[in-house]
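Within every chain, numbering begins at 1; the chains are lettered A, B, ... in the order of the sequence lines, protein sequences first and strands thereafter. Everything numeric here is computed off the predicted structure, so don't read it as measured data.
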2 protein chains.
Amino acid sequence: MPTTFTSIGATASRAKPTAAEIARSIVEGLEAGEFTPGQRMVEADLCLRFGVGRQIIREALQHLNAYGVVALEPNRGAHIIHVTREEAVMTLELTELLFGLVSRSAARRIAAGGNGSRLSDAIGELLASAQTDDPADYMRARRHLFAALSHIASNPELNRIMEQVRVHVMRAQFGFAAFKSGHAHELAEIGRTVLAGNSEAAEELSRAYVRRIRELLQQI
Amino acid sequence: MPTTFTSIGATASRAKPTAAEIARSIVEGLEAGEFTPGQRMVEADLCLRFGVGRQIIREALQHLNAYGVVALEPNRGAHIIHVTREEAVMTLELTELLFGLVSRSAARRIAAGGNGSRLSDAIGELLASAQTDDPADYMRARRHLFAALSHIASNPELNRIMEQVRVHVMRAQFGFAAFKSGHAHELAEIGRTVLAGNSEAAEELSRAYVRRIRELLQQI
DNA sequence: AATGCGCAGATTGTCGACAATCTGTTGACA
DNA sequence: TGTCAACAGATTGTCGACAATCTGCGCATT
């Protein structure tokens with residue numbers, strides 16, 4: 001066993017987490033409320049926390065900057081982005097288009113790709129999670145559904161761009177209220193429509209889904 | 001004069017170009033044909049070229065990676081992305097939505113912002129550039145128009161995302177053919193429609209504009 | 001008391017050096 | 001002759017140290 005390895009779990013801390021892993025950790029920490037919007041991210045602190053040198057922390061912060069999670073001011077370091085409600089609404093306006101395009105593309109390709117089984121599984125998982133009351137289950141199922149749709153849509157640029165939309169920060173700020181379950185059946189319906197290859201309807205359902213979240217956010 | 005400064009021109013090499021500046025330089029170099037898709041980007045070479053240490057080059061490459069211009073493989077360095085025609089078409093499918101949203105949002109806000117003058121100027125510049133035959137003029141005018149529209153739309157997330165769409169690489173690969181002038185009047189028409197506050201028409205015109213480019217690309 | 005100056009501490013920016021990893025080549029062996 | 005292991009050169013990954021910059025506080029001055 002020449003190579004060093006310490007951990008067992010997937011997310012447990014390895015001997016040397018990579019910059020991307022650290023970035024992910026920070027996003028998770030943000031959704032878990034360990035970091036709050038506006039908070040300064042001092043490199044030295046993060047070094048201690050993750051047990052790596054500043055170089056790697058620096059790269060992780062650059063990732064997060066590219067993903068719009070932190071802002072990077074020259075000579076003044078990084079801080080977690082603060083999203084105004086207005087910005088959140090605009091972001092969801094954009095998300096509406098993007099998610100619509102994902103579903104439309106996926107529906108068009110559902111036959112070609114041949115792997116609608118993954119989508120079926122995700123739908124099943126989603127409906128199952130609606131039975132249990134564990135929000136973590138729902139969130140995971142939701143993520144799987146999105147992943148399946150993105151995969152089927154097979155538009156690399158679209159997938160890349162969708163990851164760049166900062167939903168994390170919004171969730172961290174405005175709580176899971178708008179994102180929580182209760183939408184499970186609505187999402188499942190979208191999945192089924194894609195499976196049926198009905199691209200027009202899939203797009204419209206997807207847009208309506210995001211639109212509803214946006215309106216919910218505007219009312220609060 | 002305590003601080004060091006060597007250069008005079010704007011794009012000329014300063015004493016110490018920053019990572020973002022180097023990234024921009026590389027994108028320009030790409031559009032100018034100095035780098036070709038697929039080409040490896042060795043850190044040491046870039047160090048010599050820009051006269052900085054590897055740290056900065058590394059950051060620049062990370063920027064470019066985030067912008068989808070280069071791919072970064074662990075332990076194997078960076079290379080310029082190669083975009084297939086199919087990907088380019090898909091990217092333009094996405095761009096169609098995004099540009100449409102920009103124009104629609106801008107048209108809605110044209111009154112509120114109060115600074116439609118910038119847009120008028122851009123339109124004028126565009127029409128003027130159609131008279132001359134210098135493509136650089138046209139490209140500059142085009143950029144100004146887009147900037148004005150983005151500014152008026154004032155959707156920060158949308159603007160951020162639009163910058164992430166890799167048009168540079170596409171232009172570098174497929175040439176300026178599809179992007180060259182001849183479209184000046186079409187773009188000016190979009191600008192005028194936004195100025196008139198007709199959001200529906202502005203969106204449709206914008207989408208049609210991108211659609212045409214896409215179809216042009218598909219035919220080649 | 002209010003304003004501005006300058007210093008100390010904290011934090012980020014950059015470099016050089018070394019470790020880890022990859023790649024192509026050489027040579028032994030079947 | 002073909003295959004595979006070991007090696008050398010090239011390249012990337014990471015660290016520690018030092019320089020540059022910012023921030024807040026104390027102090028002199030009006």
Quiz item: For E59(B), which residues count as a side chain to side chain donor-acceptor pair (under 3.5 Å) partner, sequence neighbours excluded?
Solution: R58(A), Q62(A)
Quiz item: Would the number of heavy atoms belonging to other residues, nucleotides or ligands and lying under 6.0 Å from CD of E86(B) be above 12?
Solution: no
Quiz item: Counting heavy atoms not belonging to H151(A), are there more than 12 under 6.0 Å from its NE2?
Solution: no
For atom [atom1] of [X] and atom [atom2] of [N], their distance in whole Å:
X: I57(B); N: dT11(D); atom1: CD1; atom2: P; answer: 15 Å
X: L61(B); N: dT11(D); atom1: CG; atom2: C1'; answer: 13 Å
X: E73(B); N: dC22(C); atom1: CD; atom2: P; answer: 11 Å
X: H79(A); N: dC22(D); atom1: NE2; atom2: P; answer: 15 Å
X: F50(B); N: dC15(C); atom1: CZ; atom2: C1'; answer: 19 Å
X: Q55(A); N: dT12(D); atom1: CD; atom2: C1'; answer: 11 Å

Practice problem: Between E59(A) and N75(A), name the one whose nearest nucleotide on DNA chain D is closer to the 5' end. | Solution: E59(A)
Quiz item: Where along residues 37-45 of chain A does a heavy atom come under 4.0 Å from DNA chain D, residue by residue in number order?
Solution: none
Exercise. Could you check which of dT23(D), dC22(C), dT14(D) has an atom nearest any side-chain atom of R54(B)?
Key: dT14(D)
Quiz item: Is there a donor in the side chain of H168(B) and an acceptor in the side chain of E31(B), or the other way round, less than 3.5 Å apart?
Solution: yes
Exercise. Tell me whether the OP1 or OP2 atom of dA20(D) has a side-chain N or O from K16(B) closer than 4.0 Å.
Key: no
Self-check item: Separation between CD of E163(B) and CD of Q164(A), rounded to the nearest 0.5 Å
Solution: 11.5 Å
Self-check item: Sidechain N-carboxylate O distance under 4.0 Å for E34(A), R49(A)
Solution: yes
